[in-house]
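Owing to the predicted nature of the structure, the values given are computational and were not obtained by experimental measurement.
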Amino acid sequence: MKQNSKKNYVITSLTLYFTYFIHGIGASILGLYKPQFAKAWGAVVGSDGIVDVSRVVAVIAALGLGRLISLPFSGPISDKFGRRLSGIIGVICYGIFFFGIAFSPSMQIAYVFAIIGGIANSFLDTCVSPTCMEIYVNNPSIANMFTKFSMCISQFLLPFMIGMVAAANMSYRTIFLVAGVAILIDGILILLLPFPQRGENGGEKQEKKKKQKVKLTKVSFAAIMIGFTSSSTFMLWLNCNQELGRSYGMTDSSAIQSFYALGTATAILATTFLIKKGLKEINVLILYPAISTVMLGLCFLIQAPWICLVGGFVIGYAGAGGVLQLATSTTAEFFPENKGTATSMVRIASSIANYTIISLASYITKVGGASAPRMILLLNMGVTVVGILLALYVKKNRDK
């Protein structure tokens, strides 16, 4: 990626990408420790020995609520007061989240810390994505996709970390504590390292443009809503695939997570190559959800352990492989003078998905019994189809 020529910001960008490495852990670790937290928070254990994990899924949904509460403010704060401030707020809140969740004695207290975790995510979103797009000015979409690449590395390693913790007979809280310390150390670097100045690439003309108001159109709103559908796709899979694997007879359903992360990493590299070769971002936003729809349908029809591993890789590739990031950069094209606010709007849609869709998944898990994982697959398929329709609308009308 070619970067801003006025100053070398490589170390700054690597430091910012590391926050997403930690975010990858924060976004998925609760899903992998559902039985442990459910027991710690007083969940009912059935006569068959199965723990009711619905309350943990509800806490995961609270991450979306926290994002939803803070994103209307985090984007404008980033644009007005600087990316660095947004990043520092995000780092501090993430530290509180990791330490707080680790020692929460009840679901209610954990719910509050999950909201704080969502706030952390929103402030990192409106710091990292705009800053990296401003550093790598000639490849903003690719720069934004590498936030997802950072996440998928940690999500690939996470099952192995969990295995190492278990083998050493350490507490399931261990990874939370290590992640909390790591992101706070990274926050010190964010405080000290240089950030690009807002007018660095556009002089006075850019400063004048920044005063323009943000105006929503039907097309830009459709681009924003791809943030909802793309997030729903990978959030539903990420947080519910363990139960699907167990229902299909898998003895170690945590392996799905590694296949998912491998698919995501493959997608970031492949999509980066294809975009540099001329593939339009909007075509990716049509093609990848279509692939996800087909894969979810196959997972519904083929009730075998191996399909979960294949599904993990394909959904990781097509559902989580940068679609949200490309939706963000596509939306930013409609608001070139307000990238932080544009990022905020897409992530608001993503947060609504996190809260509403995961809350719905929690309800389905509670009332659906053994059929709940397959019912969630159908819900996910409906969401991906809506995403395809939105992307087709944007492609047809954005230049009008």
Side-chain angles (χ1 to χ4, degrees), residues 15 17-43 45 51-53 55-63 66 90-121 124 150-190 238-243 245-246 250-262 264-265 312:
T15 302
Y17 285 134
F18 183 77
T19 66
Y20 269 74
F21 177 91
I22 300 297
H23 171 50
I25 295 173
S28 55
I29 191 168
L30 276 170
L32 294 176
Y33 275 128
K34 284 201 287 286
Q36 290 86 344
F37 279 105
K39 291 178 182 177
W41 299 337
V45 181
V51 182
D52 178 10
V53 299
R55 62 183 60 194
V56 184
V57 179
V59 169
I60 293 170
L63 289 165
V91 164
I92 292 172
C93 288
Y94 240 139
I96 294 171
F97 163 77
F98 281 118
F99 293 120
I101 286 286
F103 296 106
S104 292
S106 67
M107 173 214 172
Q108 290 76 15
I109 294 175
Y111 199 90
V112 173
F113 283 116
I115 289 174
I116 295 173
I119 293 171
N121 187 193
L124 289 182
S150 303
M151 289 178 63
C152 78
I153 293 174
S154 61
Q155 289 174 341
F156 176 78
L157 295 175
L158 185 55
F160 299 101
M161 297 179 195
I162 291 173
M164 291 171 61
V165 167
N169 293 316
M170 301 171 73
S171 169
Y172 64 89
R173 298 182 175 95
T174 301
I175 296 175
F176 286 83
L177 301 181
V178 172
V181 171
I183 199 164
L184 290 176
I185 293 173
D186 195 57
I188 296 173
L189 296 176
I190 292 173
L238 190 61
N239 290 297
C240 301
N241 69 74
Q242 302 292 294
E243 288 71 34
R246 284 192 286 269
M250 291 190 70
T251 55
D252 181 16
S253 57
S254 65
I256 302 173
Q257 172 77 17
S258 294
F259 277 79
Y260 168 91
L262 183 61
T264 303

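- Separating the SG atom in Cys93 from the CG atom in Leu124 is a distance of 9.0 Å, to the nearest 0.5 Å.
- Not one N or O on the side chain of Ser253 forms a donor-acceptor pair closer than 3.5 Å with the backbone of Met250.
- Between the CG atom in Leu63 and the CD1 atom in Ile116 there is a gap of 11.0 Å [rounded to 0.5 Å].
- Applying the side chain to side chain donor-acceptor pair (under 3.5 Å) criterion to Tyr33, with sequence neighbours excluded, gives no partner residue.
- Taking both residues in full, the closest heavy atoms of Lys34 and Val57 are given as CD-CG2, 3.9 Å, listed atom of the first, atom of the second, then distance.
- Separation of the Phe37 and Phe176 ring centroids falls under the 6.0 Å cut-off.
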Next on the checklist: Thr251 vs Arg246, test: side chain to side chain contact (heavy atoms under 4.5 Å, CB included). Steps then yes/no.
Outcome noted: CA-CA 7 Å; Thr251 55; Arg246 284 192 286 269; over 6 Å; no

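- Nearest heavy-atom pair, Trp41 versus Ala110, reported as atom, atom and distance to 0.1 Å: CZ2-CB, 3.3 Å.
- With hydrogens and angles ignored, the 3.5 Å screen pairs a side-chain donor or acceptor of Ser154 with a backbone N or O of Phe21.
- Here the closest non-hydrogen pair linking Ser28 and Gly24 is OG-O, 2.8 Å.
- Residues Tyr172 and Val165 fail the side-chain proximity criterion, which asks for heavy atoms closer than 4.5 Å.
- Between Asp186 and Ile22, the closest side-chain pair of non-hydrogen atoms is not below 4.5 Å.
- Counting only heavy atoms from C-beta outward, the side chains of Val181 and Phe98 never approach each other to under 4.5 Å.
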Item to check | side chain to side chain contact (heavy atoms under 4.5 Å, CB included) between Tyr260 and Gln155, intermediate numbers included | outcome: CA-CA 8 Å; Tyr260 168 91; Gln155 289 174 341; 3.5 Å; yes

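- Shortest non-hydrogen contact noted between Phe156 and Leu262 is CD1-N, 4.1 Å.
- Across Met107 and Arg55, no two heavy atoms sit closer than the pair SD-CB, 3.8 Å.
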Which donor-acceptor pairs under 3.5 Å do side chains of residues 99-106 form with protein atoms, sequence neighbours excluded?
| from | atom 1 | to | atom 2 | distance (Å) |
| --- | --- | --- | --- | --- |
| Ser104 | OG | Gly100 | O | 2.7 |
| Ser106 | OG | Ile109 | N | 3.3 |

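- Within a 6.0 Å sphere centred on CZ of Phe259, heavy atoms belonging to other residues, nucleotides or ligands number 12 at most.
- Atom CD of Gln257 sits about 10.5 Å away from atom CG of Leu157, to the nearest 0.5 Å.
- Smallest separation of non-hydrogen atoms from Ile183 and Val91: O-CG1, 3.1 Å.
- Remark: aromatic rings of Tyr94 and Phe97 are close, center separation under 6.0 Å.
- In this structure, Cys240 SG and Ile60 CD1 are separated by 8.0 Å, a value rounded to the nearest 0.5 Å.
- Here Met170 contributes atom CE and Leu177 contributes atom CG; the two are 9.0 Å apart, rounded to the nearest 0.5 Å.
- Distance check, rounded to the nearest 0.5 Å: CG of Leu184 to CD1 of Ile92 gives 8.0 Å.
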